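What follows is one structure encoded as structure tokens, with my remarks underneath.
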Amino acid sequence: MRAVLLGPPGAGKGTQAVRLVEKYNVPQISTGDIFRRNIKEGTELGKKAQEYMNAGQLVPDELVVDLVKDRLMQDDCKNGYLLDGFPRTIYQAEQLDRFLSGQGQKLDAVINFEVGYDTLIERLTGRRVCKACGAGFHVKNMPPKVDGVCDSCGGELEQRKDDTRETAENRISVYEESTAPLIGYYKETGALKNFNAEKDPDELLKEIVAELGE
Ligand code: AMP
């Protein structure tokens with residue numbers, strides 16, 4: 001299954017991705033995670049991406065597209081993948097389409113997460129992630145068993161630099177301007193599936209699976 005998870009920051013794409021990876025046994029490809037890993041490792045790419053990310057801006061297309069194409073050529077993507085956070089611009093979507101048609105493939109679904117503004121802000125500013133394994137929590141909605149400590153690996157939880165209120169607001173504006181036009185783009189291709197993503201994650205998973213098939 002080849003699918004794109006589309007939606008504003010804080011819509012719960014990462015939370016669903018973890019569940020869908022397990023269900024469909026395909027890798028999650030999160031461009032945000034790839035950039036964060038590069039920043040941590042101090043690579044050239046990480047250095048270039050960091051300032052954009054901290055400001056809540058998009059990393060330029062030319063730093064993103066080849067990276068994703070290379071990733072999709074890897075062996076574990078043979079039976080499909082979940083793209084989380086890519087494409088984020090019409091240009092990226094066009095490049096993805098071109099890449100896919102070159103391989104004689106197409107997207108099976110674009111899962112569009114619909115969430116209201118206040119919920120997004122609440123989710124983003126309350127989000128905490130594990131420094132060690134990247135597992136996600138929320139101070140209110142999904143608290144860890146021990147405050148500040150990851151349930152999965154015991155690592156320390158932290159707030160992402162771009163989850164502060166001001167940067168979160170900025171990221172939502174960037175989404176509206178640059179990424180929301182993809183909804184129209186994928187509606188035309190027929191791949192778009194809309195979901196109300198305000199609900200409980202397990203409930204939402206059931207709806208997505210009902211649409212995509214077992
Ligand atoms: P995310 O983890 O998906 O919220 O992404 C975090 C940040 O990484 C974004 O705010 C952007 O700065 C950058 N980023 C991730 N994916 C992309 C992309 N497809 N295009 C441009 N920038 C991206």
Side-chain angles (χ1 to χ4, degrees), residues 2-18 20-21 27-41 43-72 81-100 107 110-113 115 117 119-131 133-138 157-183 185-186 197:
R2 294 181 191 85
V4 166
L5 306 182
L6 180 64
K13 302 186 295 293
T15 304
Q16 280 309 315
V18 173
L20 291 166
V21 158
Q28 168 196 9
I29 298 172
S30 156
T31 39
D33 283 350
I34 295 174
F35 288 133
R36 279 185 288 276
R37 199 162 52 241
N38 275 273
I39 291 172
K40 215 171 169 183
E41 290 167 0
T43 67
E44 273 312 303
L45 175 68
K47 282 179 197 150
K48 284 184 192 155
Q50 189 163 27
E51 59 180 297
Y52 297 100
M53 291 175 73
N54 286 348
Q57 297 296 331
L58 293 185
V59 173
D61 284 336
E62 62 269 22
L63 293 182
V64 186
V65 172
D66 287 343
L67 179 94
V68 174
K69 283 191 206 165
D70 286 348
R71 181 67 188 84
L72 298 186
Y81 39 77
L82 289 168
L83 283 167
D84 167 9
F86 180 92
R88 257 178 158 101
T89 62
I90 294 280
Y91 176 80
Q92 291 178 14
E94 287 170 349
Q95 292 298 308
L96 176 63
D97 274 351
R98 195 169 297 178
F99 171 82
L100 286 167
L107 288 173
V110 173
I111 301 165
N112 184 33
F113 291 64
V115 179
Y117 188 84
T119 307
L120 294 178
I121 293 289
E122 207 249 350
R123 286 185 183 173
L124 289 169
T125 55
R127 175 157 69 179
R128 299 292 180 270
V129 289
C130 175
K131 271 185 178 177
C133 75
F137 297 87
H138 189 279
L157 302 186
E158 65 177 354
Q159 183 176 41
R160 268 170 53 174
K161 275 208 179 75
D162 58 353
D163 279 345
T164 57
R165 175 143 194 144
E166 195 190 344
T167 310
E169 284 172 353
N170 195 26
R171 287 162 64 206
I172 296 169
S173 309
V174 168
Y175 167 82
E176 288 301 340
E177 197 176 311
S178 303
T179 309
L182 293 181
I183 297 171
Y185 180 92
Y186 285 123

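What you see is a predicted model, and the numbers here were worked out from it, not measured in a lab. Atoms considered below: every heavy atom in the structure, side chains included; atoms not considered: hydrogens, waters and symmetry mates. First listed ligand is number 1; within each ligand, the first listed atom is number 1.
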Quiz prompt | Protein residues having a heavy atom less than 4.0 Å from any atom of ligand 1 | solution = Thr31, Gly32, Phe35, Arg36, Met53, Gln57, Leu58, Val59, Val64, Gly85, Phe86, Arg88, Gln92, Arg160, Asp162, Arg171
Practice problem: Output all residues satisfying side chain to side chain contact (heavy atoms under 4.5 Å, CB included) with Thr119, sequence neighbours left out; order by chain, then residue number. | Solution: Val115, Arg123, Glu198
Quiz item: Between the side chain of Arg171 and the main-chain N/O of Asp162, is any donor-acceptor distance below 3.5 Å?
Solution: yes
Quiz item: Looking at residues at least two apart in the chain, or sitting in another chain, which of them share a side-chain hydrogen bond (donor to acceptor under 3.5 Å, both in side chains) with Thr43?
Solution: Asn38
Exercise. Examine distances only and state if a side-chain atom of Thr167 and a backbone atom of Asp163 form a donor-acceptor pair shorter than 3.5 Å.
Key: no
Quiz item: Taking the side chain from His138 and the backbone from Glu122, do they hold a donor-acceptor pair closer than 3.5 Å?
Solution: yes
Validation: residues 50-71 side-chain donor-acceptor distances under 3.5 Å, sequence neighbours left out:
{"residue": "Asp61", "atom": "OD1", "partner": "Thr89", "partner atom": "OG1", "Å": "3.1"}
{"residue": "Asp61", "atom": "OD1", "partner": "Gln92", "partner atom": "NE2", "Å": "2.8"}
{"residue": "Arg71", "atom": "NH1", "partner": "Gln74", "partner atom": "OE1", "Å": "3.2"}
{"residue": "Arg71", "atom": "NH1", "partner": "Asp76", "partner atom": "OD1", "Å": "3.0"}
{"residue": "Arg71", "atom": "NH2", "partner": "Asp76", "partner atom": "OD2", "Å": "2.7"}

